[in-house]
Enquirer: 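Handing you a structure now.
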Amino acid sequence: MTNADFERIVDTTDDWIVSRTGIRERRIADNGTSTSDMAVAACQEALKMSGCSHEEIDLLILGTVTPDYRLPSCACVVQEKMGLPNAAAFDVVSACTGFINGLSIANSYIASGHAKKALIVGVEKLSAIVNYKDRNTCVLFGDGAGAAVVAGDDSGRGVLSTFMRSDGKMREMLWIKAGGTTHQYSAEHAASGADKVLMNGSEIFKVAVKEMANAVWHVMEDAGIDQSQVSLVVPHQANIRIIEALARRLKVDKDKVYINISKYGNTSAASVPIALDEAYREGRIKEGDHIVMVAFGGGLIWGSALVKW
Ligand code: COA
């Protein structure tokens with residue numbers, strides 16, 4: 001869906017969207033495509049790249065806020081569709097930080113010997129929960145999926161440090177008010193848009209820049225890596241101005257920060273793994289590189305991971 005498509009449905013312009021967000025297009029899944037379908041496509045590709053068999057995966061962690069069903073977890077649907085007979089499968093509901101929190105959990109399971117090979121997928125069908133009458137939010141979001149396989153070895157490469165934080169006091173800055181047990185679904189809620197994404201964008205903006213920078217510094221310090229040793233920062237893609245402000249705060253050159261928001265918009269939990277994959281395929285990540293991933297989103301939740309590729 002292009003900005004021109006949005007000009008036809010809400011009071012907006014391509015110029016406003018590009019200058020305020022950096023977004024030009026986003027991918028929207030059709031009605032017949034579920035969140036698990038997108039997750040399976042990404043997971044199959046990740047398994048193929050890793051050379052792992054389906055049987056070897058003993059942990060499947062799926063980050064999403066748009067599962068196929070309220071019950072069971074989307075991870076269980078993906079496990080069945082993929083055929084992962086030996087995997088413990090569960091969802092993490094960490095919004096845009098879903099992939100990084102999944103990576104952090106997988107790393108802990110592997111380091112403690114409770115798992116050997118984990119498949120982590122960040123996936124969202126945000127088009128199902130976005131209000132296409134609200135210009136403040138609808139232009140920002142897209143659908144997508146990205147996945148990675150993580151396995152333990154003693155090469156010294158891999159996840160060096162992860163960091164996760166949350167602050168539930170700020171939960172109403174980005175939320176879906178109705179449809180859960182506090183405000184059960186009603187026709188009135190649906191008519192008012194309370195069953196779709198509601199957001200205070202400008203407040204989130206400020207917290208996002210500050211806390212993502214703190215999260216990056218935290219993992220670098222924890223791993224004993226200084227900024228000059230970091231090859232690439234792969235941030236959550238919510239707004240080009242957030243990413244640029246983050247780069248300025250970190251004092252990192254923009255060419256060391258991966259940006260693909262113009263093509264996808266904000267895909268929440270899928271954003272970091274999609275960016276990671278594209279950066280890798282473009283040759284911007286090489287063996288031995290130190291890569292920092294960082295994300296921020298509804299909860300509020302933020303987190304980071306420092307990886308030696
Ligand atoms: N087209 C045209 N005008 C729009 C618009 C759109 N799609 N969306 C909002 N506006 C208007 C607003 O109504 C407001 O008008 P007003 O001044 O007459 O009231 C004006 O633009 C400025 O709004 P403001 O919210 O101050 O803009 P902003 O510069 O903060 O940009 C966001 C808005 C949402 C793009 C920005 O705040 C943002 O990206 N925040 C972070 C969001 C985010 O990351 N959320 C997910 C967390 S992972």
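Here the structure is a predicted model, which means the values were calculated and not measured. Atom set for the values below is all heavy atoms of this structure, side chains included, hydrogens, waters and symmetry mates excluded. Numbering of ligands and ligand atoms starts at 1, following listing order.
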Enquirer: Identify, with sequence neighbours excluded, every residue that meets side chain to side chain donor-acceptor pair (under 3.5 Å) alongside Ser268.
Expert: Glu124
Enquirer: Is atom 17 (O) of ligand 1 close to the protein, meaning a heavy atom under 4.0 Å from it?
Expert: no
Enquirer: Hey, which atoms in ligand 1 end up nearer than 4.0 Å to a heavy atom of Gly201?
Expert: 37 (O), 40 (N), 41 (C)
Enquirer: Taking only heavy atoms of Cys96 into account, list the atoms of ligand 1 that are under 4.0 Å away from them.
Expert: 48 (S)
Enquirer: Could you give all pairs that pass the side chain to side chain donor-acceptor pair (under 3.5 Å) test and reach residues 247-257, with sequence neighbours left out?
Expert: Glu244-Lys254
Enquirer: Could you tell me whether atom 35 (C) of ligand 1 has a protein heavy atom closer than 4.0 Å?
Expert: yes
Enquirer: Return a yes/no value: protein heavy atom under 4.0 Å from atom 8 (N) of ligand 1?
Expert: yes
Enquirer: Protein heavy atom under 4.0 angstrom of atom 21 (O) of ligand 1, is there one?
Expert: yes
Enquirer: Of the side chain and backbone of Leu174, name the one, both, or neither that has a heavy atom under 4.0 Å from an atom of ligand 1.
Expert: side chain
Enquirer: Just let me know how Ile242 lines up against ligand 1, side chain, backbone, both or neither, with a heavy-atom cut-off below 4.0 Å.
Expert: side chain
Enquirer: Give the numbers and elements of all ligand 1 atoms closer than 4.0 Å to a heavy atom of His236.
Expert: 48 (S)
Enquirer: May I ask whether atom 26 (O) of ligand 1 is less than 4.0 Å from at least one protein heavy atom?
Expert: no
